[in-house]
Amino acid sequence: MGAVTLRVADLDGMIRYYRDGVTLELLSHDGPVAVLGRGATPIVMLQHAPELKHASPRDAGLFHTAILFDAREALATAIASVATRYPGTFTGSADHLVSEAFYFTDPEGNGVELYFDRDRSTWSWVHGTVEMATIYLDPNGYLRDHLGETGTAAVASGDRLGDAVVGHVHLSVGDVASAREFYVDRLGFETTAEMGDQALFVSAGGYHHHMAMNTWNSRGAGRRGLALGLGKVEIVVPTSDDLGELGERMAHYRVGTRDDGRTLAFDDPWANLVEVRAAG
């Protein structure tokens, strides 16, 4: 997964949240667009759009952007940083068997997950379905176990530990059947888990999920109007040949695409913009 673009009303405030709270680095700030990430990897792109209004919580759109950390200490540092600087934004935590996840809501209502993956050798697969669960995970206990002296010092100084990337993107959609038809049958992801007509988890390459879609808040939602919140989901495929094959497949299914020679862009059934590019 590439960077997630968010349309925001308060650009400076959102930069502070993702930089000072979530512990991303401000990679660039050019007028109305700010890019935050780690090292050379963009994670969140913020587009200033103060003329737009917030969508209804019942609309389709972003459920959360999930940021994957490479070490428990790095994750614990980010959790402690958000808890210290933005204590009212924590919404929950869970042991999902494949991962350890902590949930927040940014100042403009966009969901954020900060997580760490357990080693793939510990994941349990049965007939192509990965075993996941939602088990209570004590955030205070997690910090006691994993923050350490280095992490504590980093929180106090505002330093960042480890690497991070967009691990997965979770969307709110109107119905799971349409999500499956689009993201699995047309786009080409593989289903890794399902929760009846409530949620679908999909991936490529045997990951537990690169994307998920649920109807928990948005059942029956139609196409989105222009609003604050999710602007674009970016997917990165290995080669230009993969990108070309995707373009042919979308044409076969008569999905309207925009191809600028470097990226292939299209809307899903709820008008969530998806942009696909080749690595490198």
Side-chain angles (χ1 to χ4, degrees), residues 1-6 55 59-68 96 98-99 101 110-111 113 115 123 125 127-132 165-224 229-239 241-259 263-279:
M1 301 305 295
V4 171
T5 299
L6 301 175
D59 287 346
L62 182 69
F63 190 69
H64 62 236
T65 301
I67 301 172
L68 172 63
H96 292 307
V98 296
S99 63
N110 302 292
E113 176 183 340
Y115 77 110
W123 301 356
W125 293 83
H127 303 303
T129 297
V130 66
E131 184 182 4
M132 293 190 289
V165 297
V166 176
H168 64 269
V169 178
H170 198 144
L171 301 177
S172 295
V173 300
D175 69 280
V176 166
S178 297
R180 183 185 301 104
E181 180 183 23
F182 186 84
Y183 284 99
V184 177
D185 300 343
R186 299 184 180 187
L187 188 49
F189 278 116
E190 297 176 344
T191 299
T192 57
E194 297 180 77
M195 295 176 61
D197 64 353
Q198 296 185 45
L200 173 72
F201 301 82
V202 303
S203 83
Y207 191 54
H208 54 74
H209 66 293
H210 285 109
M211 294 192 73
M213 307 89 199
N214 76 66
T215 61
W216 297 327
N217 300 320
S218 54
R219 183 177 300 277
R223 291 177 65 83
R224 301 172 58 210
L230 180 63
K232 181 175 65 179
V233 175
E234 185 180 72
I235 297 172
V236 183
V237 295
T239 70
D241 288 343
D242 295 311
L243 191 63
E245 291 174 6
L246 175 61
E248 293 175 1
R249 190 161 63 247
M250 299 307 260
H252 171 76
Y253 286 108
R254 298 182 180 178
V255 176
T257 61
R258 284 84 74 192
D259 186 349
T263 62
L264 191 69
F266 43 85
D267 293 337
D268 77 2
W270 299 276
N272 295 306
L273 175 60
V274 179
E275 186 175 277
V276 185
R277 62 175 175 83

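Keep in mind that the numbers below use all heavy atoms, side chains included, and drop hydrogens, waters and symmetry copies.
- Atom CD1 of Ile235 is separated from atom CG of Asp242 by 12.5 Å, given to the nearest 0.5 angstrom.
- Rounding to the nearest 0.5 Å gives a distance of 13.0 Å between CE of Met1 and CD1 of Ile67.
- Remark: Asn110 pairs with Asp106 by the side-chain hydrogen bond (donor to acceptor under 3.5 Å, both in side chains) rule, at least two apart or across chains.
- Counting only residues at least two apart or in different chains, salt bridge (Lys or Arg N to Asp or Glu O under 4.0 Å) contacts with residues 243-254 are absent.
- With sequence neighbours excluded, the residues that form a side chain to side chain contact (heavy atoms under 4.5 Å, CB included) with Thr192 are Trp125, Val130, Phe201, Ser203, His209.
- By the side-chain hydrogen bond (donor to acceptor under 3.5 Å, both in side chains) test, Thr129 is found to be paired with no residue, residues two or more places apart in sequence or in another chain being considered.
- Once rounded to the nearest 0.5 Å, the distance linking CG of Leu230 with OG1 of Thr65 reads 7.5 Å.
- Under the rule for a ring-ring contact (aromatic ring centres under 6.0 Å, His included), the partners of His64 that lie at least two apart in sequence or sit in another chain are Tyr103, His168, His170.
- Partners of Asp59 according to the side chain to side chain contact (heavy atoms under 4.5 Å, CB included) rule, which considers only residues two or more places apart in sequence or in another chain, are Ala55, Ser56.
- Thr257 pairs by the side-chain hydrogen bond (donor to acceptor under 3.5 Å, both in side chains) definition with nothing, not counting sequence neighbours.
- Atom CE of Met211 and atom CG of Asn272 lie 7.5 Å apart (nearest 0.5 Å).
- Taking all atoms of both residues into account, the shortest heavy-atom contact from Ser99 to His208 is CB-NE2, 4.4 Å.
- With respect to Phe63, the side-chain contact (heavy atoms from CB on, under 4.5 Å) criterion is satisfied by exactly one of Val169, Asn214, Val173: Asn214.
- Of all the heavy atoms in Gly222 and Ala60, the pair that sits closest is O-CB, 4.1 Å.
- Applying the side-chain hydrogen bond (donor to acceptor under 3.5 Å, both in side chains) rule to Asn217 yields no partners; only residues at least two apart in sequence or on another chain are considered.
- For the 3.5 Å distance criterion, the side chains of Trp123 and Glu131 fail to qualify, holding no donor opposite an acceptor.
- A 4.5 Å side-chain heavy-atom check between Phe182 and Phe266 finds at least one atom pair inside the cut-off.
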Practice task
Run the numbers on Arg258 and Asp267 for salt bridge (Lys or Arg N to Asp or Glu O under 4.0 Å), then give the verdict.
Solution key: CA-CA 10 Å; Arg258 284 84 74 192; Asp267 293 337; 3.5 Å; yes
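- The two residues Tyr115 and Ala66 make their nearest non-hydrogen contact at CE2-CB, 3.7 Å.
- Every residue meeting the side chain to side chain contact (heavy atoms under 4.5 Å, CB included) condition with Leu243, not counting sequence neighbours, appears here in chain and number order: Val237, Leu264, Val276.
- Rounding to the nearest 0.5 Å places CG of Leu200 at 11.5 Å from OG of Ser178.
- Using a 4.5 Å heavy-atom threshold, the side chains of Thr263 and Glu234 count as separate.
- Two residues are said to be in side-chain contact when any heavy atoms from C-beta on lie closer than 4.5 Å; Met195 and Trp216 meet this criterion.
- Not a single donor-acceptor pair under 3.5 Å links the side chain of Arg277 to the backbone N or O of Gly2.
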Practice task
Could you walk me through whether Leu273 and Thr5 pass the side-chain contact (heavy atoms from CB on, under 4.5 Å) test, one step at a time?
Solution key: CA-CA 10 Å; Leu273 175 60; Thr5 299; over 6 Å; no
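- Applying the salt bridge (Lys or Arg N to Asp or Glu O under 4.0 Å) rule to pairs touching residues 185-214 yields Arg180-Glu194, Glu181-Arg186, Asp197-Arg219, sequence neighbours excluded.
- Evaluation of the side chain to side chain contact (heavy atoms under 4.5 Å, CB included) rule for Ala251 yields no partner, not counting sequence neighbours.
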